[in-house]
Amino acid sequence: MKTELSEKLFAKANTLFPGGVNSPVRAFKGVGGGPRFIARGKGSRLFDVDGNAYLDYVGSWGPLILGHCNPEVMREVQDAMKSGASFGAPSPREIVLAELIRERMPWVEKMRFVSSGTEATTGAIRLARGFTGRDDLVKFDGCFHGAGDSVLVKAGSGVETLGLPDSPGVPADFAKHTLTLPYNDLAAAEALFAARGGTIAAVIVEPVVGNMGVLVPRPGFLEGIHALCRKHGALFIVDEVMTGFRLAMGGACDRLGLRPDLVTFGKVIGGGLPVGAFGGRAEVMDRIAPAGPVYQSGTLSGNPMAMGAGIATLRQLTPASYERLEAASARLAEGLAAAAREAGVPVQVNRVGSMLTVFFSEQPVFDAQSARGCDTKRFSRFFHAMLEAGVYLPPSQFEAAFVSLAHSDEDVEATLDAAKVAFRAALQG
Ligand SMILES: *Cc1c(COP(=O)(O)O)cnc(C)c1O
């Protein structure tokens, strides 16, 4: 596979951007080698600057549930652009998208649009702190909630250990208010709440984890966390930036029967343009400025083109869409597990709906610690063999692959043919 032009551009990009990229995981650091520069996408496929085609299972890291260049999304965005790119004043498309969201999740009584998932979680966390008058936030090891200061913290050795900053630049005085727990461990959460429930403003969680690779919540885990929040007066924030409108018409919350106090969105609700949102109970949301004292703002929030892309995306997602995604994703997951078995490679294929990860592990993977036990060298060889065969997977063991409505049955079968060879390559070390 020819990669000359990508290499040339990456060399130039390295003189302009730290690490040559504008978001870290694009740099292929987790798998080695250099990234491909993408010229265009169409349906289920990406085309790089050297003219190589790939079946794309990254989908811009989640937003492109309809595939690349969906005609109706393009039409809506173009229509919006003709009337002006941004006004800094209310415009009607904000109402259309908000109503589409509230129709699907009626318990999201009020919401605020922002321009990224990071802004959504940052706003929701500030609101929870402002609403409860408490400072501490609980998150789970391995869950990613964007790049805000409060959430760039991982677990210490015990549940009561004060958080340490995961990133230089986050003051320890600030990080100490973020407490981390292992995912899927309700007993640990009960112990933490028993010890200091009165200081906890909120718990934030990925309902199905995508950002440690796919981790599936155990029955009762999320309900148990919500019950603890209720009992101790903390807010329950479900971060649906990745799962929202990907796992079901009503998001992971509907699929799992959750009714949190606050929910965050991003990715799919922007259809590939920069959008995020947070919302929930009106009583809580009305504490946001200008209705209330908790400040949050954004020059481009509710941007008409971004709203248009979200409107066109949600309108095309019907119950039949999710059935189609389920069937294609199940076939892919089963085929991948069978191909690995045939090649003699131990793997765990974790999947919920159209999110899936092949973990190179002999043991079940259900939290950050078990995920960290994976053979990442094997994953890297598998990744590169797939890439060479024209299948573009997330360049990290700890990310979810996404199936879109643009993936045909033939695409899935071609992916499985490539995987048969790639699993054998994964063993060659
Ligand atoms: C992607 C993601 C974010 C951050 O969204 P950005 O738009 O990248 O800022 C937050 N939470 C979850 C669960 C995500 O998957």
Side-chain angles (χ1 to χ4, degrees), residues 21-27 57-65 112-128 137-154 166-167 178 180 183 202-217 222 225 236-247 251-253 255-256 258 260 262-280 296 298 300-303 306-307 309-310 313 350 352-357 368 371 394-396 398-402:
V21 289
N22 285 297
S23 195
V25 79
R26 296 178 194 171
Y57 290 97
V58 176
S60 190
W61 299 95
L64 299 182
I65 195 165
R112 165 141 305 167
F113 285 121
V114 293
S115 298
S116 70
T118 295
E119 280 182 72
T121 56
T122 303
I125 290 164
R126 184 177 304 139
L127 173 57
L137 173 76
V138 175
K139 74 176 283 291
F140 296 90
D141 187 12
C143 283
F144 177 71
H145 305 291
D149 282 351
S150 285
V151 287
L152 285 182
V153 177
K154 69 180 175 192
D166 209 16
S167 164
T178 302
T180 41
Y183 192 75
V203 177
I204 187 166
V205 67
E206 284 184 75
V208 171
V209 181
N211 288 294
M212 195 69 203
V214 174
L215 307 177
V216 184
L222 295 165
I225 298 293
F236 183 47
I237 307 174
V238 172
D239 182 356
E240 289 234 42
V241 170
M242 183 182 288
T243 54
F245 308 103
R246 170 165 288 281
L247 294 187
C253 284
R255 196 169 168 131
L256 302 168
L258 303 171
L262 291 172
V263 62
T264 53
F265 299 115
K267 297 185 175 132
V268 169
I269 67 158
L273 271 77
V275 185
F278 61 103
Q296 194 288 326
L300 295 179
S301 297
N303 173 268
M307 296 291 106
T313 299
N350 284 8
V352 177
S354 54
M355 292 165 53
L356 71 91
T357 299
S396 163
F398 307 111
E399 298 286 354
F402 299 104

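We count ligands from 1, going down the list as the structure has it; atoms in each ligand are counted the same way.
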Q. What are the two closest non-hydrogen atoms of Val209 and Cys143, and how far apart are they?
A. CG2-SG, 3.8 Å
What are the atoms of ligand 1, with element, lying closer than 4.0 Å to any heavy atom of [X]?
X	result
Lys267	1 (C), 2 (C), 3 (C), 14 (C), 15 (O)
His145	10 (C), 11 (N)
Ser116	7 (O), 9 (O)
Asp239	10 (C), 11 (N), 12 (C), 13 (C)
Phe144	11 (N), 12 (C), 13 (C)

Q) Counting only heavy atoms, which portion of Glu240 has something under 4.0 Å from ligand 1: side chain, backbone, both, or neither? A) neither
Q) Where's the contact between Asn211 and ligand 1, heavy-atom distance under 4.0 Å: side chain, backbone, both or neither? A) side chain
Q: Decide whether an N or O pair under 3.5 Å exists between Glu206 and ligand 1.
A: no
Q) Are the side chains of Leu137 and Val151 in touch, meaning some heavy atoms are under 4.5 Å apart? A) yes
(Q) Counting non-hydrogen protein atoms only, what is the nearest one to atom 8 (O) of ligand 1? Give residue, atom name and distance. (A) Thr118 OG1, 4.5 Å
Q: Identify the protein heavy atom lying closest to atom 3 (C) of ligand 1, giving its residue, its atom name and the separation to 0.1 Å.
A: Val241 CG1, 3.6 Å
Q: Give me the ring orientation class for Phe140 and Tyr183: parallel if the planes are under 30° apart, tilted from 30 to 60°, perpendicular past 60°.
A: perpendicular
Q) Just going by heavy-atom distances, which of Gly117, Gly244, Gly146 is nearest to atom 7 (O) of ligand 1? A) Gly117
Side-chain donor or acceptor of [X] paired with backbone N/O of [Y] under 3.5 Å:
X	Y	answer
Tyr57	Leu356	no
Thr118	Ala147	yes
Arg255	Leu247	yes

Q: Please check if any side-chain donor atom of Gln296 sits under 3.5 Å from a side-chain acceptor atom of Arg112, or the reverse.
A: yes
Q) Can you tell me if Asp141 and Thr180 form a side-chain donor-acceptor pair at under 3.5 Å? A) no
